[in-house]
Amino acid sequence: MARLLVVSCTPKGPLSRTRRLLDAWLARRRATEPALTVDEVDLVNTELPLVDGPVALAKGSVAAGSQLTPTQQRAWEAITPWANEFLAADEVVIAAPMWNFSLPYPVKHYLDVIVQPGLLFRYNAQGPHGLCGGKPLTLVTTRGSAYADLPQVNFQTSYLRWLCEFIDCRYSEIVAEGLDAGGPEAGEKILTGVIARL
């Protein structure tokens with residue numbers, strides 16, 4: 001039974017265009033894979049652990065192979081379940097709109113929690129080595145403008161593509177973009193067209 005982890009950040013709820021795109025994609029996946037198990041982390045309604053000084057110090061200790069202090073151990077134990085949930089999934093979907101050319105800050109917070117040495121990657125003589133086993137990671141997103149001719153300012157794709165290489169995931173995207181460029185009716189037509197082609 002395949003296990004899919006959805007990490008969502010859609011603050012507008014049912015009014016979110018990204019949520020509509022995600023729900024349509026999930027409906028098609030469930031129709032073709034009835035045994036698919038879907039777990040969702042709703043970042044809008046989830047309190048993540050802080051990535052603070054004790055976590056940073058614990059990260060350094062883990063990377064160096066040093067023993068953690070009790071404070072560092074508690075901080076590490078707070079983030080480890082989040083990384084383990086990510087690792088346990090056969091496939092991951094991040095569903096979030098583009099904000100200011102990149103990911104919404106709760107998504108970055110989530111990634112800063114889980115991408116840790118000894119959890120999602122480790123260092124060896126050749127450098128960092130990803131521990132995610134090549135699992136698929138798909139970004140489901142909507143964008144107000146189109147970025148085919150402006151890849152240098154699309155930090156969503158560049159960041160996640162590189163992060164996936166680092167932790168050993170296979171990156172792909174499902175995108176509806178240019179939704180604000182021609183007004184609401186044109187944007188709705190673009191979005192429904194992308195949904196129809198899923």
Side-chain angles (χ1 to χ4, degrees), residues 1-11 37-141 151-174:
M1 181 184 303
R3 185 174 176 188
L4 172 66
L5 176 64
V6 175
V7 180
S8 67
C9 182
T10 54
T37 298
V38 179
D39 298 313
E40 182 167 352
V41 176
D42 176 3
L43 294 177
V44 176
N45 297 300
T46 298
E47 185 174 351
L48 294 168
L50 292 176
V51 184
D52 54 8
V55 172
L57 291 168
K59 177 178 182 175
S61 296
V62 170
S66 304
Q67 185 171 351
L68 276 65
T69 68
T71 300
Q72 293 172 8
Q73 186 65 41
R74 286 192 297 272
W76 201 248
E77 288 172 356
I79 65 171
T80 299
W82 298 93
N84 287 342
E85 180 182 43
F86 185 95
L87 286 168
D90 298 302
E91 182 178 353
V92 176
V93 171
I94 295 176
M98 176 179 273
W99 281 7
N100 296 323
F101 314 105
S102 189
L103 297 161
Y105 65 88
V107 180
K108 183 60 166 57
H109 183 180
Y110 173 82
L111 294 170
D112 286 343
V113 167
I114 67 170
V115 180
Q116 302 288 353
L119 298 176
L120 266 62
F121 70 95
R122 68 169 178 263
Y123 292 106
N124 57 29
Q126 289 73 42
H129 174 74
L131 300 176
C132 293
K135 77 176 69 189
L137 186 150
T138 303
L139 172 66
V140 174
T141 191
Q152 70 274 17
V153 297
N154 175 4
F155 299 106
Q156 271 188 329
T157 298
S158 58
Y159 172 68
L160 282 177
R161 190 182 301 279
W162 169 246
L163 187 70
C164 282
E165 289 186 26
F166 187 77
I167 63 175
D168 191 21
C169 288
R170 290 183 286 116
Y171 180 73
S172 63
E173 293 182 347
I174 299 168

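Index from 1, following the sequence. As a basis for the values below, the full set of heavy atoms in this structure was taken, side chains included, without hydrogen atoms, waters or symmetry mates.
Judged as a salt bridge (charged side-chain N to carboxylate O under 4.0 Å, His left out), the pairs with a partner in residues 94-121 (not counting sequence neighbours) are, in order, Lys108-Asp112.
With contacts defined as side-chain heavy-atom distances shorter than 4.5 Å, the pair Glu173/Thr141 does not qualify. Within the 4.5 Å cutoff, side-chain heavy atoms of Trp82 are placed close to those of Val41. Looking only at side-chain heavy atoms (C-beta outward), Phe121 and Asp168 stay at 4.5 Å or farther from each other. Residues Tyr159 and Leu111 are in side-chain contact: their nearest non-hydrogen atoms beyond the backbone lie under 4.5 Å apart. Under the 4.5 Å side-chain criterion, counting only non-hydrogen atoms from C-beta, Pro104 is in contact with Pro97. Val62 has its side chain within reach of Leu68: a pair of non-hydrogen atoms, C-beta onward, lies under 4.5 Å apart.
Heavy atoms only, all atoms of each residue included: Phe86 and Leu137 are closest at CZ-CD1, 3.9 Å. The minimum heavy-atom distance linking Ile167 with Val115 is given by the pair CG2-CG1, 3.9 Å. Minimum interatomic distance between Lys59 and Gln116 (heavy atoms only, all atoms of both residues): CD-OE1, 3.2 Å. The minimum heavy-atom distance between Pro49 and Ile79, with the atom names listed, is CG-CG2, 3.9 Å. In terms of heavy atoms, Leu119 sits closest to Ile114 at CB-O, 4.4 Å. Of all non-hydrogen atoms in Pro117 and Trp76, the two that sit nearest each other are O-CZ2, 3.4 Å.
In this structure a side-chain-to-backbone donor-acceptor pair under 3.5 Å is missing from Arg3 to Asp90. Put simply, the side chain of Lys135 gets close to the backbone of Ala89: a donor and an acceptor are under 3.5 Å apart.
In this structure, CD on Glu165 lies 12.0 Å from CG on Leu160, to the nearest 0.5 angstrom. We find the CG-CG distance between Asp52 and Leu57 to be 9.0 Å, quoted to the nearest 0.5 Å. We find the CG-CD distance between Asp39 and Glu85 to be 6.5 Å, quoted to the nearest 0.5 Å. Taking CG from Leu120 and NE2 from His129, the interatomic distance works out to 11.5 Å, rounded to the nearest 0.5 Å. How far OG of Ser158 is from CG of Leu163: 11.0 Å, rounded to the nearest 0.5 Å. Once rounded to the nearest 0.5 Å, the distance linking CD of Glu40 with CG of Leu4 reads 9.5 Å.
Within 6.0 Å of atom CG in Asn124, more than 12 heavy atoms from other residues, nucleotides or ligands are found, so the atom counts as buried in its surroundings. For Gln152, the CD atom sits in a packed shell: over 12 heavy atoms of surrounding residues, nucleotides or ligands are nearer than 6.0 Å.
Annotation: side-chain contact (heavy atoms from CB on, under 4.5 Å) contacts of Ser66 (sequence neighbours excluded): Ser61, Ala64.
Ring pair Tyr105/Trp99 is tilted by interplanar angle, where 30° to 60° counts as tilted. Classified by interplanar angle (parallel below 30°, tilted 30° to 60°, perpendicular above 60°), the ring pair Trp162/Phe166 is tilted.
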(request) Let me see the working for Val93 and Val38 under side-chain contact (heavy atoms from CB on, under 4.5 Å), right down to the final yes or no. (result) CA-CA 10 Å; Val93 171; Val38 179; over 6 Å; no
